[in-house]
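None of these values were measured; they are calculated from a predicted model. Letters A, B, ... mirror the listed sequences (proteins, then strands); counts begin at 1.
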Number of protein chains: 2
Amino acid sequence: MTEPILSKGKRTRQAIEEAAYELFLDQGYSATSMRQIAEQAGIALGGIYNHFAGKEAIFTAVILNQHPYKQILPIALAVEGDDVESFVYNTAQALVDELGYSPDFLKLVFIEVVEFGGKHMAALFQDVFPQILPLLERFQSDKVRAIPPVMLMRVFIGTFIAYYLTEEMLGDVVMPDLQEEAMGHFADIFLHGVLKPKEQ
Amino acid sequence: MTEPILSKGKRTRQAIEEAAYELFLDQGYSATSMRQIAEQAGIALGGIYNHFAGKEAIFTAVILNQHPYKQILPIALAVEGDDVESFVYNTAQALVDELGYSPDFLKLVFIEVVEFGGKHMAALFQDVFPQILPLLERFQSDKVRAIPPVMLMRVFIGTFIAYYLTEEMLGDVVMPDLQEEAMGHFADIFLHGVLKPKEQ
DNA sequence: CCTACCGATCGGTAGG
DNA sequence: CCTACCGATCGGTAGG
């Protein structure tokens, strides 16, 4: 919410990134022209090249600064709940609340996979990995089965991706009424998959 | 394996689709030009328009005919195993064996989401849905917890997508040695999530 | 099914 | 940071 004062140069650069981000989400990378980016950023075409070496440099900046984890991580870190169960359920709830039902927040990664063959992934990963480590601790519990922690985190993240992608694939067409509960089912199945069976 | 005899027109059309399929997987839709498709299909640019109304018509045909489920469904249907456990494990194994570790077979769907906003999804779904119904039966078991069957299928499919997408996202960078076992972990967690706890 | 062409638009740059 | 421009390439078509 804090609006840091940026120099004019920084502000223009920021405007270009935001314009590009919106257009990429909407149309993908190749279908978005430098002219569209310039127009949406309120600048002349030539002006872009004072801030970026070229089109791909814009994408690189965008994916580093607008990557999904930048949205997800703060949400997940702010979630309350001392045990695994409530953490998983609360995170599921919080994510759906903040991100809605659309997989928009995943589209940048899809663009990266489809239009760049994943070649920025390594750089991205270096940036992300240290920051998701704190989340690993929240799975630390003797209720959890013996599963390598990294694998735990991977399946956890994967479960959310799976929810959103299948939402896009068949959410509107089938069972629109089940939508509200769907994320609950994903979280529930994940939890049962990860926890030791309760003796009841 | 059977090579049906096609008329020359059909063969050309098929060659165009296959050329486009390869190029789309490699570059995405927008970055692929009609000239590239023509060249790879061994035809002149103008010739394409005897078979397709335009570029998007090619994509529509490709996604209908080369959609991932066309590869996955036969594999899953051929899997042996009478109980849920062996079905899930064998399917996981068979898919990795046939599709490898790369998410290539998912790229068409990503292109559809990124470059078309998912607008062909409904038509696609009508084609796919009836054919995956038989798979639902293989989850019919009193070992399975009370979960709506459609949701079961959705999480099952989602688990595979999650595996492949996280594989692309961090498979090469981290834990390349764990790769072989990773799918096993996904299947294992899914199974525990879906089955009633065993009294042991 | 090909040749030759259309207008439009692309990413990028020179020069100021 | 803008104006005016570059060569290249785009999807598509006319005509044969």
**Request:** Could you provide the dot-bracket string of DNA chain C, using ( ) for intrastrand pairs, [ ] for crossing pairs and | for bases paired to another strand, with Watson-Crick or G-U pairs below 3.5 Å?
**Result:** ||||||||||||||||
**Salt bridge Arg13(B)-Glu17(B), side-chain N to carboxylate O under 4.0 Å** = yes
**Complete:** Taken to the nearest whole Å, CG/Asn50(A) to P/dG12(C) is 14 Å
**Prompt:** Between Gln36(B) (CD) and dC10(D) (P), how many Å, whole number?
**Reply:** 7 Å
**Prompt:** Do the charged groups of Asp82(B) and Arg138(B) touch, with an N to O distance under 4.0 Å?
**Reply:** no
**Prompt:** Just wondering, are more than 12 heavy atoms of other shown residues or ligands nearer than 6.0 Å to NZ in Lys10(A)?
**Reply:** no
**Message:** Heavy atoms within less than 4.0 Å of DNA chain D: which residues of residues 12-21 of chain A have one? Give them sorted by number.
**Reply:** Thr12(A)
**Message:** What verdict does the side chain to side chain contact (heavy atoms under 4.5 Å, CB included) test give for Tyr101(B) and Tyr163(B), after you've listed the backbone C-alpha separation in whole Å, the side-chain angles of each residue and the deciding distance to 0.1 Å?
**Reply:** CA-CA 9 Å; Tyr101(B) 296 108; Tyr163(B) 166 78; 3.1 Å; yes
**Request:** Calculate, to the nearest 0.5 Å, the distance between atoms CD1 and CD1 belonging to Ile16(A) and Ile37(A) respectively.
**Result:** 8.5 Å
**Message:** Tell me whether Lys196(A) is salt-bridged to Asp142(A), with the criterion being a basic N under 4.0 Å from an acidic carboxylate O.
**Reply:** no
**Prompt:** Rounded to the nearest Å, what distance is computed from the CZ atom of residue Arg35(A) to the C1' atom of nucleotide dC2(D)?
**Reply:** 14 Å
**Request:** Nearest whole angstrom, please: distance from the P of dC1(D) to the CZ of Phe52(A).
**Result:** 12 Å
**Glu18(A)/Gln14(A) under side-chain hydrogen bond (donor to acceptor under 3.5 Å, both in side chains): CA gap, chis, key distance, verdict** = CA-CA 6 Å; Glu18(A) 283 168 14; Gln14(A) 183 71 16; 2.9 Å; yes
**Asked** Roughly, in whole Å, what's the span from CD1 in Ile43(B) to C1' in dT3(C)?
**Response** 14 Å
**Item:** Whole-Å gap separating P (dC10(D)) and CD (Gln27(A))
**Value:** 18 Å
**Request:** Considering just the side-chain nitrogens and oxygens of Ser33(B), establish if one lies under 4.0 Å of OP1 or OP2 belonging to dT9(D).
**Result:** no
**Most 5' of Tyr29(B) and Gly46(A) on DNA chain D, judged by nearest nucleotide** = Gly46(A)
**Prompt:** Can you tell me how far P of dC10(C) sits from CG of Leu45(A), to the nearest Å?
**Reply:** 10 Å
**Request:** Would you indicate what Ser30(B) reaches in the nucleic acid, counting non-hydrogen atoms under 4.0 angstrom: base, sugar-phosphate, or nothing?
**Result:** nothing
**Asked** Tyr49(A) side chain N/O closer than 4.0 Å to the phosphate oxygens (OP1, OP2) of dG12(C)?
**Response** yes
**Asked** In whole angstrom, what separates Ile48(B)'s CD1 from dG12(D)'s P?
**Response** 10 Å
**Message:** Using the side-chain heavy atoms of Met34(A), tell me which of these nucleotides is nearest: dG11(C), dC1(C), dC2(C).
**Reply:** dG11(C)
**Lys119(A)/Glu112(A) ion pair, N-O < 4.0 Å** = no
**Prompt:** Considering residues, nucleotides and ligands other than Glu39(A), do more than 12 of their heavy atoms fall under 6.0 Å from its CD?
**Reply:** no
